[in-house]
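Reading through the structure tokens given below for one structure.
Order of listing sets the numbers, starting from 1, for every ligand and every atom in it. When reading the values below, keep in mind they use all heavy atoms of this one structure, side chains included, and skip hydrogens, waters and symmetry mates. For clarity, every value in this text was computed on a predicted model and none was experimentally measured.
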Amino acid sequence: MFNVILFGPPGSGKGTQSEKLIDRYGLVHLSTGNLLREQISNQTRLGLEAKKFMDSGQLVPDSVVIGMIRSAIKENPDAEGFLFDGFPRTVAQSQALDELLAENHSEINAVLALEVSEDELISRLLNRGKTSGRSDDTNEQVIRARITEYENKTAAVAEYYDQFGKVVKIKGEGDVEAIFDALCNEIEAKKIV
Ligand code: AP5
């Protein structure tokens, strides 16, 4: 198995690059944001509860997202690997993920961290908010709250994986194809090891 975390702040291009990476490497894409939005559109109890946090730019409680990821991993017993997008977002989620993968005699092989300036993140998300229908993109205050959550709770995930030498930083600004090439180069390098 080859498991990758695509890491970065809101709007750094995780979703955009994930689509391209799963096509190239046949990984199963697990995006907690997408899974939560699916729950919201199906109006499940979990979705209604999560929506309150998402609409205000706060992280959904760890127990909820860890449970979703546990089920998603179980639903894909034949996966050749997973691409985690938007998960883990706290150190507790990272530790839970490591334990879940260890149960399958597997581990995270690479954490690819997209780096994008705050001004660029805000401009991308406000721009997407004009058409995406995502309530958390339409309001600059909520976008800033998401970035603050990232700084306060999620940045520590990179430090957590850095102690195991798994983090590679990638410039996330500029041409989408050039960023994709840089990500692929890192994946190929890790696969050879
Ligand atoms: P989530 O859905 O994960 O959103 P996010 O992390 O805020 O990320 P985005 O989807 O906004 O951005 P992205 O990095 O994927 O960039 P994208 O490719 O879309 O989370 C939403 C909420 O759910 C959270 O706030 C939280 O409440 C909850 N949640 C989710 N996971 C959770 C977890 N694990 N724990 C707790 N709570 C959780 O690109 C953004 C825009 O930029 C697009 O318009 C795109 O076209 C454009 N773009 C991409 N690349 C480029 C480029 N190179 N140049 C110019 N524009 C670009």
statement: Separation between CG (Asn127) and NZ (Lys130), nearest 0.5 Å, reads 4.5 Å
- prompt: Can you tell me how far SG of Cys184 sits from OH of Tyr25, rounded to the nearest 0.5 angstrom?
  reply: 3.5 Å
- prompt: For atom 23 (O) of ligand 1, which protein heavy atom lies nearest, and how many Å away is it?
  reply: Met54 CE, 3.3 Å
task: Report the part of Pro9 (side chain from C-beta onward, or backbone N, CA, C, O) that has a heavy atom under 4.0 Å from ligand 1; answer both or neither where that applies.
output: backbone
message: With heavy-atom distances below 4.0 Å as the criterion, list the atoms of ligand 1 near Ile179.
response: 53 (N)
message: Just verifying a value: how many Å separate Leu100 CG and Glu107 CD, rounded to the nearest 0.5 Å?
response: 14.5 Å
message: How long is the straight-line distance from CD1 of Ile5 back to CG of Leu112, given to the nearest 0.5 Å?
response: 9.5 Å
query: Of all heavy-atom pairs between Pro10 and Tyr150, which one has the smallest distance, and what is that distance?
result: CD-CB, 4.0 Å
- line: for atom 52 (C) of ligand 1, nearest protein heavy atom and its distance come out as Arg124 NH2, 3.3 Å
message: When you measure from the heavy atoms of Gly174 to every atom of ligand 1, does any distance fall below 4.0 Å?
response: yes
query: What part of Asn34, side chain, backbone, both or neither, has a heavy atom within less than 4.0 angstrom of ligand 1?
result: neither
- prompt: Looking only at protein heavy atoms, which one is nearest to atom 37 (N) of ligand 1, and how far off is it?
  reply: Val60 N, 3.0 Å
query: Looking at side-chain heavy atoms only, is the closest gap between Thr90 and Thr154 below 4.5 Å?
result: no
query: Looking at ligand 1, does any of its N/O atoms fall within less than 3.5 Å of an N/O of Thr16?
result: yes
query: Under a 4.0 Å heavy-atom limit, does Lys14 contact ligand 1 with its side chain, its backbone, both, or neither?
result: both
- prompt: Which bit of Leu114 is near ligand 1, meaning a heavy atom under 4.0 Å away: side chain, backbone, both or neither?
  reply: neither
Contact (N/O only, under 3.5 Å) between Arg146 and ligand 1: yes
task: Assess Ser31 for proximity to ligand 1: is some non-hydrogen atom of it under 4.0 Å away?
output: no
- request: Could you tell me whether the side chain of Phe7 reaches within less than 4.5 Å of the side chain of Val157, counting heavy atoms only?
  value: yes
message: So Glu49 and Val64, do their side chains get closer than 4.5 Å, heavy atoms only?
response: no
message: Taking a cutoff of less than 4.0 Å between a non-hydrogen atom of the residue and any ligand atom, is Gly57 in contact with ligand 1?
response: no
message: Using a 4.0 Å cut-off to any heavy atom of Leu125, which atoms of ligand 1 qualify?
response: 11 (O)
field: CE on Met68 to CG on Asn34, rounded to 0.5 Å
entry: 9.5 Å
field: Any Arg37 heavy atom less than 4.0 Å to ligand 1
entry: yes
message: Any carboxylate oxygen within less than 4.0 angstrom of a Lys/Arg side-chain nitrogen, looking at Arg124 and Glu120?
response: yes
statement: Ranked by distance from atom 31 (N) of ligand 1, the top protein heavy atom is Thr32 OG1, 2.8 Å
field: Ligand-residue contact atoms, ligand 1 with Gln58, heavy atoms, under 4.0 Å
entry: 26 (C), 27 (O)
message: Does this structure show an ion pair linking Arg144 with Glu140, if we count only N-O contacts that are shorter than 4.0 Å?
response: yes
query: Any N/O of Gln17 closer than 3.5 Å to an N/O of ligand 1?
result: no
Ligand-side contact atoms (ligand 1) for residue partner Gln93, heavy atom cut-off under 4.0 Å: 33 (C), 34 (N), 35 (N), 36 (C)
Audit row: Gln93, Tyr160, side chain to side chain donor-acceptor pair (under 3.5 Å) steps and yes/no: CA-CA 11 Å; Gln93 291 180 23; Tyr160 170 82; over 6 Å; no
query: Is it the side chain, the backbone, both or neither of Leu36 that has a heavy atom closer than 4.0 Å to ligand 1?
result: side chain
- request: Tell me, please: is Glu173 in heavy-atom contact with ligand 1, that is, under 4.0 Å?
  value: no
query: Please state which protein non-hydrogen atom is closest to atom 6 (O) of ligand 1 and give its distance, to 0.1 Å?
result: Arg89 NH2, 2.6 Å
- prompt: Atom CD1 of Ile147 and atom CD of Glu118: how far apart are they, to the nearest 0.5 Å?
  reply: 4.5 Å
query: Does Pro88 reach ligand 1 with a nitrogen or oxygen that is under 3.5 Å from one of the ligand's nitrogen or oxygen atoms?
result: no
message: Just so I know, are the side chains of Leu36 and Leu46 near enough to count as touching, which here means a heavy-atom distance under 4.5 Å?
response: yes
- line: When distances are taken from atom 43 (C) of ligand 1, the protein heavy atom at minimum range is Arg128 CD, 3.9 Å
task: Would you kindly specify which portion of Leu59 sits under 4.0 Å from ligand 1, judged on non-hydrogen atoms: side chain, backbone, both or neither?
output: both
- prompt: Of the protein's non-hydrogen atoms, which lies at the shortest distance from atom 15 (O) of ligand 1, and what is that distance?
  reply: Gly15 N, 2.8 Å
message: With a cutoff of 4.0 Å, is Gly8 in contact with ligand 1, counting heavy atoms of the residue only?
response: no
query: Do NZ/NE/NH1/NH2 and the carboxylate oxygens of Asp137 and Arg146 come within less than 4.0 Å?
result: yes
field: Gly11 N/O to ligand 1 N/O under 3.5 Å
entry: yes
statement: Looking only at protein heavy atoms, what sits closest to atom 16 (O) of ligand 1 is Gly13 N, 3.0 Å
message: So Arg89 and Lys153, do their side chains get closer than 4.5 Å, heavy atoms only?
response: no
message: Are the side chains of Met1 and Glu80 in contact, using a 4.5 Å heavy-atom criterion?
response: no
- prompt: What part of Arg134 sits under 4.0 Å from ligand 1 if we count only heavy atoms: the side chain, the backbone, both or neither?
  reply: side chain
